[in-house]
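Written out below as structure tokens is the structure these notes cover.
Nothing fancy with the numbering, it's 1 onward along the sequence. Just so you know, ligand 1 is whichever comes first in the structure, and atom 1 is the first atom listed for that ligand. Keep in mind the model is a prediction, meaning the values are calculated, not measured.
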Amino acid sequence: MIQNLLNLERYAQIARQTVAESCVLLRNENDTLPLKEGDKVAVFGRCAFHYYKSGLGSGGLVNTRYVVSILDALRACESIALEESLLHIYEQWIEKNPIDEGHGWGTVPWSQKEMPLSDDIVRAGKAADVAIIIIGRTAGEDQDNKKEEGSYLLTQIEEEMISEVCKEFKRTVVLLNVGNILDMSWVEAYKPSAVMYVWQGGQEGGNGVLDVLTGKVNPCGKLTDTIAYHIEDYPSSGYFGDKKKNYYKEDIYVGYRYFETCAKDKVQFPFGFGLSYTKFDILARVKEVTKDEIRVSVKITNTGKAAGKEVIQVYVEAPQGELGKPKRVLAGFEKSGVILPGKIEELTVNCQKSYFASYDDAGITGNKSCLLLEEGEYQIYVGSDVRTAVYCGSFRQTAEVLEQLEEACAPIEAFERYKAVKIENGSYRIKMEPVPLRTISPIDKIDRFRENEIPYIGNQGYYLGDVFDGKIAMNQFVAQLSDVDLMCIFRGEGMCSSKVTPGTAGAFGGLTERLRKLGIPVVCCADGPSGIRMDCGTKAFSLPNGTALGCTYNLALVNELFRMVGLEMRRYKIDTLLGPGINIHRNPLNGRNFEYISEDPVLTGNMCVAQLNGMHEAGVTGTIKHFCANNQEQERCSVEAVVSERALREIYLKGFEIAVKEGNAKSIMTTYGPVNGIWTAGNFDLCTSILRKDWGYRGIVMTDWWGTANWEGEIAEKNNRAPMVIAQNDIYMCCADTRDEMDKDNVKIKLQSGEIKRCDLQRSAKNILNFIMESPAMLRELCRTDEEESWETKQDDFEPDEICYFDIDRTTGKIIIDRQNMDFSGSEINFGIITTASRPYNLSIEAKSNLGELAQLPVSIYMDNIYRGEITFQGTGGECVYKAIPLGNIIGKNHYIKLTLRGKGLDINRIVISEEG
Ligand code: BGC
């Protein structure tokens, strides 16, 4: 049985190990860490009492069974003692200065007011051997980081705290419980003796960090981003944050690709960097160069005193050729096992040539639109970060086209981009060059990708199971689908559809009675990526965030963690997780970097493959997102990425390509916004030319929630879903009821007018049905699964002692509860109802919210402690809206109703219980 394989203890152990391996130690003077047996520790910083397990938004709403904070873990550790009097001072202060929770989705402050330190307070910790300072930041959707105190910068009080503590203590450890890198100038200013990024580690976060602090695990995490001295130093900083358009002028020179080429002195901590409690000697040589790969053999000797793991990183310096190249490109990496002091491990790193090949979007090499290797000497560097990697051999390469592709997604607007050019002294400087513009319109390609229409033959009694069992061909099955069926299967439902696991983000597939009768099951998808989100309160495991996963550089470990996630998904009948998030960390200020992995696409792609492999081993999958260039949260629905084809192919699409080609990705989510003038959800070149033709993708594409599309030259509109159908963005996510949308969007009209064709809808239907046949939903449909058959509702809460009961009005058949007779301000609303006869009732809520329309504001409804359903409001721009759900037949008179509101920002005006009909 599947559920027996999900062992929560093992899950926790793997998550703890992942957290420990993700910690990146940046500084450790005089062996400040690990803590020593018997050390007395003074903990500073209010975030000790407010551990950030993850960021916010869809990726952060996991209901956990428990969360172990760093302080919890330190308190439970017997080999050290804590300065409790200091902690007591914090507790008293926090009582008077509670956490500011903001007012809902996209508005939560990213940091909390810190307690100013007085001499007395510092003295309260003075007897300790070591001071640990915890700095925390959340991150999230709909909001970017800013170069402001409390966001990317430390606040003055935080700086003063570090400064004071560093003056008083010899051993001071600063731990950064953050989603994303921060400004680190304070390290040079106050020189704390140890500094470590511990990221947002999910529910086992504190335990994992403790293992590193005590030396049980030797730190072996490495940065997945470059940390520059100033935010302005990042090549994208001048072209980030615009509300309408960001020109990606830095082109392929993202992160270390830029810094190592022409701005080495701007780097405070290089890409790939991370210290250990021991020392390793790395000896590498190029063992073999084949047509497709370089194989580098590495001998790692632990020359220090502690056992530990090391990450081997292989970088390639390609000849500048015609195109110009970064001085270093990560071509492969491997993590060793635990190496004992004095011992050696030998390993081989295989590096695919396609990882460092270039895309010629200008035709300057004579091979336009090709992925190619230019002729010349390719030098290989190996080490444990990009800066210290040393030369270990080279090979000569003749000019070679690896893939002949076709121009796609090229910009239509003229702008200039970076090109690094070598100057006399051998160093490089940036020159601007014009970006090649589009020469082929995607409209001219559409017909080439159309298949013949399958004539409609009506219901012949074939089930999808017949295709699954090989009895009939897919086309025979699809011939039974009417236009209405095809339009219904194109539209998914959510949030919290009653047709799938309660509280999840969406459903698609057999959503109507007709489709169900044909044996098409309903597929369930849930956020992702840092654990399963079920808004009705069902508990799930909360995972370390995407950046933390990346910092482990441990593919096997991440694979195993996601096998567990996969098993958990099986348990909850979730077929695809809405993750991993694999956008590139283009700029440190992007609000969702915490969900994503790195500034490097090869690391991102390989980490994504590890996650997909894990879920695939459990029979489920992930929906990789957001396709593509989702690099800014501010104005995310409309801000345009203006970017060269070369940067798309080499940087922003590369991780997706690796996930498709090496990870058998089966499901992809497009973004909210446009790339080069075309919103991605209706972007034919992206979803068909590149994804399906060039990469051979066979899976499904879905929009982001309530995504929009445009006709080129116009701006995106809500009801314009026809471009999605043409682009082969197979599923619009999401509507309340697919049938109700028939006249709300333009699919039917455009089908009638011939602008979209039946064969377009059939093509998407086939993509969806093929996906379904590979998912556990199909096995459930055919009763061939051994998953646990029921999931548990939250049974363990009871009616509170005193609740107010409301009587039904016998003439109207309604109970109306409004602000005058009830307080709606809390996160839980409890009341009782006294009804009359046994009949079906509805519960409706009138509410408003000042938040933006993509805010997700779920309300779970329980009757007599049994979950009855979910109503998800979106931001309403201050307008009152009504939403209702059926409560079902109410038998008996008195009932206890509970509403739980997740997150702030929903203003309930009135609740009505009424007889149905
Ligand atoms: C996010 C997606 C998420 C979806 C469903 C959107 O706001 O951008 O990443 O999967 O909501 O919750």
Side-chain angles (χ1 to χ4, degrees), residues 54-63 104-108 139-144 179 492-497 500-508 523-536 540 543 545-546 565 569 574-583 590-597 608 611 621-639 656 667-673 679-681 700-708 729 731-736 849 851-858 870 872-875 902-903 905:
S54 76
L56 302 163
S58 56
L61 289 164
V62 181
N63 298 300
W105 179 275
T107 67
V108 178
E141 218 165 302
D142 259 338
Q143 210 190 150
D144 286 313
E493 291 181 356
M495 311 274 301
C496 305
S497 161
V500 286
T501 305
T504 53
F508 62 87
V523 173
C524 175
C525 39
D527 279 311
S530 49
I532 302 171
R533 166 186 175 194
M534 289 173 283
D535 282 343
C536 57
L543 304 161
N545 71 15
V565 175
M569 288 164 66
I574 292 161
D575 304 290
T576 178
L577 190 75
L578 300 175
I582 58 168
N583 293 104
N590 178 33
R592 289 183 89 172
N593 278 353
F594 76 102
E595 291 182 65
Y596 309 145
I597 294 160
C608 176
Q611 295 178 51
T621 194
T623 298
I624 57 178
K625 64 189 188 186
H626 307 86
F627 193 52
C628 71
N630 199 56
N631 299 312
Q632 179 176 307
E633 283 301 296
Q634 192 190 16
E635 304 299 332
R636 62 179 171 155
C637 291
S638 54
V639 65
F656 289 94
S667 178
I668 296 183
M669 185 191 293
T670 45
T671 70
Y672 284 124
W679 266 254
T680 60
I700 49 167
V701 178
M702 64 178 79
T703 65
D704 200 341
W705 267 227
W706 312 291
T708 53
N729 183 128
I731 308 172
Y732 165 75
M733 284 309 241
C734 54
C735 40
S849 161
L851 299 171
E853 61 178 350
L854 293 178
Q856 298 173 9
L857 304 160
E870 200 73 22
T872 298
F873 286 87
Q874 289 169 248
R902 286 169 218 286

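- Here the side chain of Y672 pairs a donor or acceptor atom with the backbone of W705 at under 3.5 angstrom.
- Distance alone, capped at 3.5 Å, is enough to place a donor-acceptor pair between the T703 side chain and the M733 backbone.
- When heavy-atom distances to ligand 1 are checked against 4.0 Å, the residues falling inside are S58, E141, D527, R533, L578, R592, K625, H626, R636, M669, Y672, D704, W705, Q856, ordered by chain and number.
- Partners of S497 according to the side chain to side chain donor-acceptor pair (under 3.5 Å) rule, which considers only residues two or more places apart in sequence or in another chain, do not exist here.
- For S54, the side chain to side chain donor-acceptor pair (under 3.5 Å) test picks out no residue, with sequence neighbours left out.
- With hydrogens and angles disregarded, a donor-acceptor distance shorter than 3.5 Å links the side chain of T680 to the backbone of T671.
- For Q611, there are no side chain to side chain donor-acceptor pair (under 3.5 Å) partners at least two apart in sequence or on another chain.
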